[in-house]
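Any value given below was found using the heavy atoms of this structure, including those in side chains, with hydrogens, waters and symmetry copies removed. Convention: sequence-line order gives letters A, B, ...; per-chain numbering from 1.
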Amino acid sequence: MASSYDYDDGSLESRYGRPPSAGHGGASMDLSYDPNFVPDSVKTFVVHLYRHIREKNVYEIHQMYEGSFQRLSDRMFRDNPWPSVEAIAPYVDNDHVFCLLYREMWFRHVYARLSPTGRQRVESWDNYCSLFGVVLHGVVNMQLPNQWLWDMVDEFVYQFQSYCQYRAKLKSKTEEELQLLQQYDQAWNVYGVLNYLQALVEKSAITEILEREKEGLEQFTATDGYDYEGGTSNVLKMLGYYSMIGLLRVHCLLGDYHTGLKCLAPIDISQQGVYNVVIGSQISTIYHYGFANLMLRRYAEAIREFNKILLYILKFKQYHQKSPQYDQILKKNEQMYALLAICLSLCPQINLVEENVNSQLRDKYNEKMTKMLRYDDEAYAVYDELFTYACPKFITPSAPVLEEPLTNYNQDAYRLQLKLFLYEVKQQQLLSGVRSFLKLYSTISIGKLAAYMEVDEPTLRTILMTYKHKMHAVDSDGNIIPNADLDFYISEDIVHVVESKPIKRYSDYFLRQVLKFEEMISELDRIKLD
Amino acid sequence: MGREQQQVSYTVEQLVSVNPYNPDILTDLENYVNEQFEPGRMSIPIVVQILIKALMAMPASDFSLCLFLIPEQVQMEEQFKTLIVLSHYLETARFGQFWDEAAKSRSILEVVPGFEQAIQAYAIHVLSLTYQKVPRPVLAEAINIEGLSLDKFMEHHVANSGWILEKSHGRSQLIVLPRNEFNHPELKKHTAEGVPFEHKK
């Protein structure tokens, strides 16, 4: 860690003066609250955390980060921010890097429990710039827990998203806030955000590390990214790794699904990987991966991955009950069931869904899924509702136009994505109808099927071709990948139906047994530890 | 931004690899990418060209990928509306309507050479997914070629793409399209097993 406390460019609080403007969540602030008062428990906390970081005691750092910080926040800082960084700095040798880390947590706490002011948002951006700057250009020799490093990237992207939403609500802004937007127009700029994430990926050489690992020349996954023996820092490497997931998310927020998936490509999500270690990272990865595939019409792929993660959450969520991320886990869980319901309504590959996941899905969405198959106005309303509930918080990245009349544009990006999604649904509106007829026949003439569908023959031919087109996606290498379980071909005027026969589901049986064994083994491990 | 534009002639690959998110290279990139982050800078004719090329890339979903990135108020432009309608016809395999509409918009589409051929290739792709034997009028409508030109077109594909022409029983001519796993689903490899053990990418 840098030993001198050199905080000239970071000390925004003293430069701008602190008290948050009223009406932005600061109203409830305790009048007797003194941001420079450091209670003993906080003193102990920073002193210990600082020492553990210096001693590279990852286990203790993790305990304090996940445990003590939350407990102290619950007990003492429900309605107020933690003590200012200036106030705690003397207890940690004014250490520059520690102060950056402390402020990162300080802002995260403000975002999570209070409501950040415009100024705090800008200050937090500055703090991330300084922090990532040190990691990218300085010499950092810390070992930090993966959980913390993941949270940094995750929070960085979250605050960017939050700023874009905040900035786009122009109508309710005060004069002072508008001025701030103008003055700090580079804060949370989309290029800046992408550049930091990209720089972390590149500087960490994480893609090369993953490549070399495939050839057996490097260990990364086996050690969860830590360096237990060499003692070199895991910070840049892991920030680079998690930045790939951060980039996927940012690109999804922008509606650029293709680029998003490309950013994630170095991580092979079909394998166990470091992204599995922290549940938040695993869920964020699969949620955005699945969503991007859904928007790219690769339904079967989305279904497969949603199924896997939902099964995982179903089995293991009980172990995360005490985690500060538990609410977030449950929320993403619900959202992914909604996305799974959408995927299965467009592409009824129910055989890809494990039975426990399926029964959860039926409990939650059976009625809605029946409606979605109908393709009337009510069906669209359900698609609309589920998409709106489960989609990422899309953003418009361009800076606001600060000219009268001021308008809110925070919904624009979401409305566009929704509209295009519903457009896709509309193009597929006749497919479930034709599918249900095809299921009843092994061969049927075009004329007869057209009569059932109440359309003329040329129209029926277009519907059948649409089915084929929509049920085949093109993957990133240009290969055609089939999505349908029910297939057919036409020879002249006769439709021949081929349904893949239900296969005895040994896989489910084995999977269940494997999971049971895994549970037993982890149970045994725990006993040994105690 | 607002800096003086330099006369540089890097390739897009170079530009992007040096600094993928630098707004200062936007002018250089303008011919290649859509300026998704700054709708004010979006050049309509260039985006139109990109969208036409995206239509030509079907069955890949480039066109909808582009629409996800173009702000809604920009999509309201007349030329974009036309292209969106054209894409809708292609997505729903209504080739007859597509060619009618395309004929009306020739001036927009002519900008990009090879447009017709690209759409014909897409139509043939969809037909090959669907048909083992396709009646001649269905093919004619899909690729918008008739009579002698169609005979020639088919001859070419008989020689080069494995098409076979067949007389049907007193009715229209039939074209036997090459076998593939989509029009012969029984050729499909057995990957249908539910929850996968191995996950092919």
Worksheet item: Are A:His469 and B:Tyr122 close enough that their ring centers fall under 6.0 Å?
Response: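 Yes.
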Practice prompt. Taking the six-membered ring for Trp and the single ring otherwise, decide whether the centroids of A:Tyr414 and A:Phe394 are under 6.0 Å apart.
Written response: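 So the answer is no for these two rings.
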What residue, out of [options], has the most heavy-atom pairs lying under 4.5 Å from chain A?
{"options": "B:Ala60, B:Ser64, B:Gly96, B:Ala93", "answer": "B:Ala93"}
{"options": "B:His125, B:Gln75, B:Glu72, B:Arg94", "answer": "B:Glu72"}
{"options": "B:Leu177, B:Leu65, B:Ile175", "answer": "B:Leu65"}

How far does [atom1] of [X] sit from [atom2] of [Y], to the nearest 0.5 angstrom?
{"X": "A:Leu253", "Y": "A:Ile395", "atom1": "CG", "atom2": "CD1", "value": "5.0 Å"}
{"X": "A:Leu431", "Y": "A:Leu438", "atom1": "CG", "atom2": "CG", "value": "10.5 Å"}
{"X": "B:Leu55", "Y": "B:Cys66", "atom1": "CG", "atom2": "SG", "value": "9.5 Å"}

Discussion item. Quick check: under 4.5 Å, non-hydrogen atoms only, which of residues 80-90 of chain B neighbour chain A?
Written reply: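 B:Ile84, B:His88 fall under the 4.5 Å cut-off.
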Worksheet entry | Neighbourhood of chain A inside residues 139-161 of chain B, taking heavy atoms under 4.5 Å as contact |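 No residue falls under the 4.5 Å cut-off.
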In terms of side-chain heavy atoms, does [X] have a donor or acceptor partner in [Y] at a distance below 3.5 Å?
{"X": "A:Tyr467", "Y": "A:Gln428", "answer": "no"}
{"X": "A:Gln186", "Y": "A:Tyr191", "answer": "no"}
{"X": "B:Tyr131", "Y": "A:Arg461", "answer": "yes"}

Checking heavy atoms, do the side chain of [X], its backbone, both or neither come under 4.5 Å from chain A?
{"X": "B:Val176", "answer": "neither"}
{"X": "B:Ser61", "answer": "side chain"}
{"X": "B:Pro59", "answer": "both"}

Against chain B, label [X] side chain, backbone, both or neither, depending on which of its atoms sit under 4.5 Å from a heavy atom there.
{"X": "A:Phe488", "result": "both"}
{"X": "A:Leu311", "result": "neither"}
{"X": "A:Asp493", "result": "side chain"}
{"X": "A:Lys426", "result": "neither"}

Discussion item. Any carboxylate oxygen within less than 4.0 angstrom of a Lys/Arg side-chain nitrogen, looking at A:Lys308 and A:Glu354?
Written reply: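 Salt bridge absent between A:Lys308 and A:Glu354.
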Using every non-hydrogen atom in the two residues, find where [X] and [Y] come nearest and quote the distance to one decimal.
{"X": "B:Phe63", "Y": "B:Leu51", "value": "CD1-O, 3.6 Å"}
{"X": "A:Arg167", "Y": "A:Pro397", "value": "NH2-O, 2.9 Å"}
{"X": "A:Phe306", "Y": "A:Phe291", "value": "CZ-N, 3.7 Å"}

Just so I understand: if I count every heavy-atom pair under 4.5 Å between each of [options] and chain B, which residue has the most?
{"options": "A:Thr396, A:Leu464, A:Ile463, A:Ile480", "value": "A:Ile480"}
{"options": "A:Leu430, A:Thr459, A:Leu420", "value": "A:Leu420"}
{"options": "A:Val474, A:Ile481, A:Leu416", "value": "A:Leu416"}

Worksheet item: Do side-chain atoms of B:Asn183 reach the backbone of B:Arg179 as a donor and acceptor pair under 3.5 angstrom?
Response: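 Side chain of B:Asn183 to backbone of B:Arg179, a donor-acceptor pair under 3.5 Å: no, none is there.
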Practice prompt. Determine the interplanar angle of the A:Phe160 and A:Trp188 rings, folded into 0 to 90°, and report it as parallel if under 30°, tilted if 30 to 60°, perpendicular if over 60°.
Written response: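 Geometry flag for A:Trp188 against A:Phe160: tilted rings.
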Discussion item. Tell me whether A:Lys262 at atom NZ has more than 12 heavy atoms from other residues, nucleotides or ligands lying less than 6.0 Å away.
Written reply: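 Not more than 12 within 6.0 Å, no.
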Worksheet entry | Atom CD of A:Gln272 with >12 non-hydrogen neighbours under 6.0 angstrom |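 Count not over threshold, so no.
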